[in-house]
**Student:** 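Structure below; questions to follow.
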Amino acid sequence: MAQVTRVPLAEQAADLLLDRIRAGEWPLGSKLPGENTLGPQLGVGRSTVREAIRRLAGQGVLSTRQGAGVFVDALDIVEDWSVALRMADINSVIEARIAVEVEAAALAAERRSPVELRAIRHAAAERDSQRTEIDAHVDADIAFHRAVVTASHNPLIVDLFDSFTPRSRQAMIELLRLRGTLGSDVDQHAHTAILEAIADRDGQTASALARTHLLTLKME
């Protein structure tokens with residue numbers, strides 16, 4: 001016979017934090033408030049907040065950066081295949097992105113609304129402004145590509161993109177550190193070209209540009 005069980009406070013706190021992340025209170029790449037702030041908001045102590053953060057970090061949603069704080073790495077829990085994603089090499093991640101983002105760019109060109117186009121333009125401008133710090137640049141880059149994916153109006157493609165986000169973010173940071181380059185004019189132009197093709201409702205060009213851009217990221 002099933003029995004009533006008491007849900008641990010840390011699990012409840014983790015669920016509350018995840019609900020707030022899903023609701024958009026903390027965007028991708030943003031920093032969470034400190035334990036002294038979150039504790040009273042959630043009605044728990046600092047140790048429970050720390051345990052809740054550890055739970056969400058283990059599920060790919062949050063990450064703790066030494067001396068900087070806790071940041072949002074994904075907007076939802078990465079499901080069962082998260083281990084495979086975390087272990088995937090950079091080229092495998094890029095190939096998976098190609099499979100998702102090339103079609104998303106074509107669909108975005110066909111289906112995007114004026115509001116979504118403005119969101120993509122805003123994300124492109126924000127990406128262009130983040131050229132000095134790798135983590136911030138990668139977060140802005142992911143936000144741009146997610147804006148394009150969202151404009152595809154395909155919820156499964158959006159879910160797939162979100163499931164890649166924690167490993168994709170890690171892979172891009174690794175890639176930029178290996179190459180020692182960040183936010184070149186050529187790279188920014190590639191994103192602007194994708195944006196303009198979407199604005200022109202040219203799905204064939206948008207998808208071709210997205211494929212070409214992502215292929216340039218692959219390691220030799």
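Along the sequence shown, residues carry numbers from 1.
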**Student:** Check whether the side chains of Glu101 and His213 place a donor and an acceptor atom closer than 3.5 Å, and report yes or no.
**Tutor:**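 Their side chains do not contain a donor-acceptor pair, so the 3.5 Å distance test is not met.
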**Student:** So, are Arg131 and Asp185 salt-bridged, with charged N and O less than 4.0 Å apart?
**Tutor:**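 Salt bridge between Arg131 and Asp185, a charged N being under 4.0 Å from a carboxylate O: yes.
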**Student:** For Val61, run the side-chain contact (heavy atoms from CB on, under 4.5 Å) check against Thr165, Leu75, Leu18 and tell me which one passes.
**Tutor:**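 In the set Thr165, Leu75, Leu18, the residue that makes a side-chain contact (heavy atoms from CB on, under 4.5 Å) with Val61 is Leu18.
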**Student:** For Glu110, enumerate each residue passing the salt bridge (charged side-chain N to carboxylate O under 4.0 Å, His left out) test, keeping only those at least two apart in sequence or located in another chain.
**Tutor:**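 Glu110 satisfies salt bridge (charged side-chain N to carboxylate O under 4.0 Å, His left out) with no other residue.
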**Student:** Can we say Glu174 and Arg167 salt-bridge, meaning some charged N sits less than 4.0 Å from an Asp/Glu carboxylate O?
**Tutor:**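 A salt bridge is present here (some side-chain N lies under 4.0 Å from a carboxylate O).
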**Student:** Would Ser92 and Glu95 count as having a side-chain donor-acceptor pair, cut-off 3.5 Å?
**Tutor:**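 No, because no side-chain N or O of Ser92 sits under 3.5 Å from a partner of the opposite role on Glu95.
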**Student:** With sequence neighbours left out, write down each residue that passes salt bridge (charged side-chain N to carboxylate O under 4.0 Å, His left out) with Arg20, or none if nothing qualifies.
**Tutor:**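 Applying salt bridge (charged side-chain N to carboxylate O under 4.0 Å, His left out) to Arg20 gives Glu25.
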**Student:** Give a yes or no on whether Arg211 atom CZ has more than 12 heavy-atom contacts from other residues, nucleotides or ligands under 6.0 Å away.
**Tutor:**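 12 or below, so no.
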**Student:** Should His191 and Phe144 be marked as a ring pair (Phe, Tyr, Trp, His ring centres under 6.0 Å) after you check the CA-CA gap, both sets of side-chain angles, and the distance that decides it?
**Tutor:** CA-CA 9 Å; His191 288 76; Phe144 170 84; 5.2 Å; yes
**Student:** Indicate yes or no: does Arg121 engage Glu116 in a salt bridge with an N to O separation below 4.0 Å.
**Tutor:**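 Judged by the 4.0 Å cut-off on N to carboxylate O distance, Arg121 and Glu116 do not form a salt bridge.
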**Student:** Using every non-hydrogen atom in the two residues, find where Gly60 and Pro166 come nearest and quote the distance to one decimal.
**Tutor:**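 Scanning both residues, the minimum pair turns out to be O-CG, 3.3 Å.
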**Student:** Got a salt bridge between Arg127 and Asp187, using NZ or NE/NH1/NH2 to carboxylate O under 4.0 Å?
**Tutor:**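 Here Arg127 pairs with Asp187 in a salt bridge, since their nearest N and O are under 4.0 Å apart.
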**Student:** Sequence neighbours left out, what passes salt bridge (charged side-chain N to carboxylate O under 4.0 Å, His left out) with Arg54? Give chain and number order.
**Tutor:**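 Testing Arg54 for salt bridge (charged side-chain N to carboxylate O under 4.0 Å, His left out), a comparison that skips the adjacent residues, returns Glu51.
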**Student:** Give a yes/no verdict on a cation-pi contact between Arg146 and Phe161, requiring under 6.0 Å between NZ or CZ and the six-membered ring centre and an angle within 45° of the axis.
**Tutor:**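 Ring-cation test returns no.
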